[in-house]
There are 2 protein chains.
Amino acid sequence: MTPRRREPLSRDRVVASALALVELHGVEALSMRKLAAELGVEAMSLYNHVANKDDVLDAIAEVVFADVALPPPTADWRVDARALADAFRAAALAHPRTASLSLARQLGYPAVPVTEAALDVLARAGFDPEQAVHASRTLLAYVIGTLLREIGSGPPDETREPALVATGLPRVAEAARHLAVCHHEAEYRFGLDLVLDALALRAVGAAGGPSAR
Amino acid sequence: MTPRRREPLSRDRVVASALALVELHGVEALSMRKLAAELGVEAMSLYNHVANKDDVLDAIAEVVFADVALPPPTADWRVDARALADAFRAAALAHPRTASLSLARQLGYPAVPVTEAALDVLARAGFDPEQAVHASRTLLAYVIGTLLREIGSGPPDETREPALVATGLPRVAEAARHLAVCHHEAEYRFGLDLVLDALALRAVGAAGGPSAR
DNA sequence: GGATTCCACTTACGGCGTAAGCTTGTCAAC
DNA sequence: GTTGACAAGCTTACGCCGTAAGTGGAATCC
């Protein structure tokens, strides 16, 4: 009576399953056979919809950038820059294991709208196109560096602080209490403010106000 | 007459060969069998010296940090901070393919001396231990983000600029000329100066001068 | 000289990505 | 209603992979 035993396979279904598997068990656990099994199908059937395994990995990496919810512009470019960085960060943290893939691979076309938004913010801040490219890359480098640390760090580890003290290095021992913990969110904000402050200085110097430099 | 047909295997020789292979052909091309062949030995013999493949990868990732040539302190903390960042960057670029491994994995004990140096620089800049931890992580996040882009980007691609213009996005099209090229060194310096400027402001506000905030 | 220890070797297993070919269900054209 | 083409599943097979388990010969110590 059921007209169809199951949903037909499709590239989208394959990619969605792959993303789910990677988030559950990590990239290294993804195999074409397990992916097929997840979809109730044999491995080779996947090749009717994707070119090969690398194609699958590329596809799930792109999803992360496609998921960046670009914030609408306001009158204040600093607010917008922060919102854009936050949106990028949120998209990455929504799929952390896939995000490390996305960040490592070269950012392809799905990242272009993000670039557009960044360049627009920085143009409104007063940068000319060339400076805006440099500034956007600086901002992105910081956000990505932060994300990499956050994604890579496992659960809190009780043994880290004593181990750091035991190194005998004075500055490390002195700061061991702070090195052992990771307030990722707060640290991200600290550095982001810092970078934005610096960009604001450069923007003023470049175009807007009468300030020095 | 030769007392020994060949050098005996050792963990160091295995790790050195693995590093060389990874730099030549990439991580994904490293297998225990090829590594053994490179050493004139069968695959299973490697397991007398390393625990497993992951152990090998950890070991080569550590080499990168071990190779950071920590610069001697001077009287100017900004000079020292820049020198430290440069040294880190140089070590990573000396083994680019291994470095992406190192940066992705959580930075382990070989990275501790680098942390010590960073904290020392920032303490001399006037940060208290907690602020110094935040500041060093910000600085490192920027340097790592930059490195990731530089390492990930392949050779220059002639077709990128027209492709960017063709997206129809106004800011991207306007800046396509600058987005298509990668002056990695110059861009690294631009952002590093920017971050250091911002850190200098915070340092003054935190401890040294009579300035505001 | 016999025992012990080291270390490379052989064999084997299960899992991997995917090339090549086969089967089956669907549907348009006659 | 039959036929033929095609899409999309399945099966088989190959050569890789990491590594568990066991073998054998040389060097080292009593």
Side-chain angles (χ1 to χ4, degrees), chain A residues 1-63 97-98 100-102 104-105, chain B residues 1-63 97-98 100-102 104-105:
Chain A
M1 262 318 145
T2 56
R4 222 180 258 126
R5 175 127 271 127
R6 61 170 182 248
E7 279 295 297
L9 227 45
S10 72
R11 184 180 168 94
D12 282 353
R13 291 222 312 139
V14 170
V15 172
S17 265
L19 187 71
L21 275 185
V22 166
E23 285 306 321
L24 263 179
H25 305 113
V27 214
E28 65 287 344
L30 182 73
S31 79
M32 296 301 271
R33 290 175 216 260
K34 287 183 198 155
L35 178 51
E38 187 76 10
L39 291 159
V41 130
E42 296 302 314
M44 290 310 290
S45 301
L46 302 176
Y47 288 85
N48 288 315
H49 304 275
V50 298
N52 50 40
K53 186 178 180 179
D54 234 49
D55 188 20
V56 175
L57 293 177
D58 280 343
I60 65 174
E62 290 188 357
V63 170
R97 300 181 115 154
T98 307
S100 27
L101 262 186
S102 316
R105 287 162 183 254
Chain B
M1 265 319 139
T2 56
R4 221 180 257 124
R5 177 124 271 131
R6 62 173 183 247
E7 278 296 297
L9 227 46
S10 72
R11 184 181 168 94
D12 282 352
R13 291 221 312 139
V14 171
V15 172
S17 265
L19 187 71
L21 276 185
V22 166
E23 285 306 322
L24 263 180
H25 305 115
V27 215
E28 64 288 343
L30 181 74
S31 78
M32 297 300 273
R33 291 174 216 261
K34 287 183 197 155
L35 178 51
E38 187 75 10
L39 291 158
V41 128
E42 297 301 315
M44 291 310 291
S45 302
L46 302 176
Y47 289 85
N48 289 315
H49 303 275
V50 298
N52 49 43
K53 186 178 181 179
D54 235 49
D55 188 19
V56 175
L57 293 177
D58 280 343
I60 65 174
E62 289 188 358
V63 170
R97 300 180 116 153
T98 308
S100 26
L101 262 187
S102 317
R105 286 161 184 255

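Letters A, B, ... mirror the listed sequences (proteins, then strands); counts begin at 1.
- Ranking C:dG17, D:dT19, D:dG9 by closeness to the A:Leu9 side chain, first place goes to D:dG9.
- C:dA8 atom C1' lies 11 Å from atom CE of B:Met44, rounded to whole Å.
- Atom CD in A:Glu42 sits about 18 Å away from atom P in C:dC22, given to the nearest Å.
- Closest approach of B:Ala29 to B:Lys34, counting heavy atoms only: O-NZ, 3.4 Å.
- Side-chain N/O atoms of A:Lys34 include one lying less than 4.0 angstrom from OP1 or OP2 on C:dC16.
- Residues B:Thr98 and B:Glu23 have side chains in contact (heavy-atom distance under 4.5 Å, counting atoms from C-beta outward).
- A:Arg33 has its CZ atom 13 Å from the P atom of D:dT12, to the nearest Å.
- Rounded to whole Å, the distance from CZ on A:Arg11 to C1' on D:dA7 is 18 Å.
- A:Arg13 places its CZ atom 13 Å from the P atom of D:dA8, with the value rounded to the nearest Å.
- In this model, the phosphate group of D:dC10 is approached by a side-chain N or O of A:Ser45 to a distance below 4.0 Å at OP1 or OP2.
- Nearest heavy atoms, B:Glu28 versus B:His25: OE2-O, 3.6 Å.
- For the OP1/OP2 pair of D:dG9 and a distance below 4.0 Å, the side-chain nitrogens and oxygens of A:His49 include at least one atom meeting the criterion.
- At a threshold of 4.0 angstrom between heavy atoms, the contacts of A:Ser31 are confined to the sugar-phosphate backbone, with no base atom among them.
- In this structure, CG of A:Leu39 is placed 11 Å from P of D:dC10, rounded to the nearest angstrom.
- Closest approach of A:Ile60 and A:Ala18 over heavy atoms only: CG2-CB, 3.9 Å.
- Residue B:Asn48 places at least one side-chain N or O closer than 4.0 Å to OP1 or OP2 of C:dA8.
- Rounded to an integer number of Å, the gap from CG of A:Asn52 to C1' of C:dC16 is 14 Å.
- Contact check for B:Val50 versus B:Met32: side-chain heavy atoms found under the 4.5 Å cut-off.
- At whole-Å resolution of the value, CD in A:Glu28 and P in C:dG17 are 13 Å apart.
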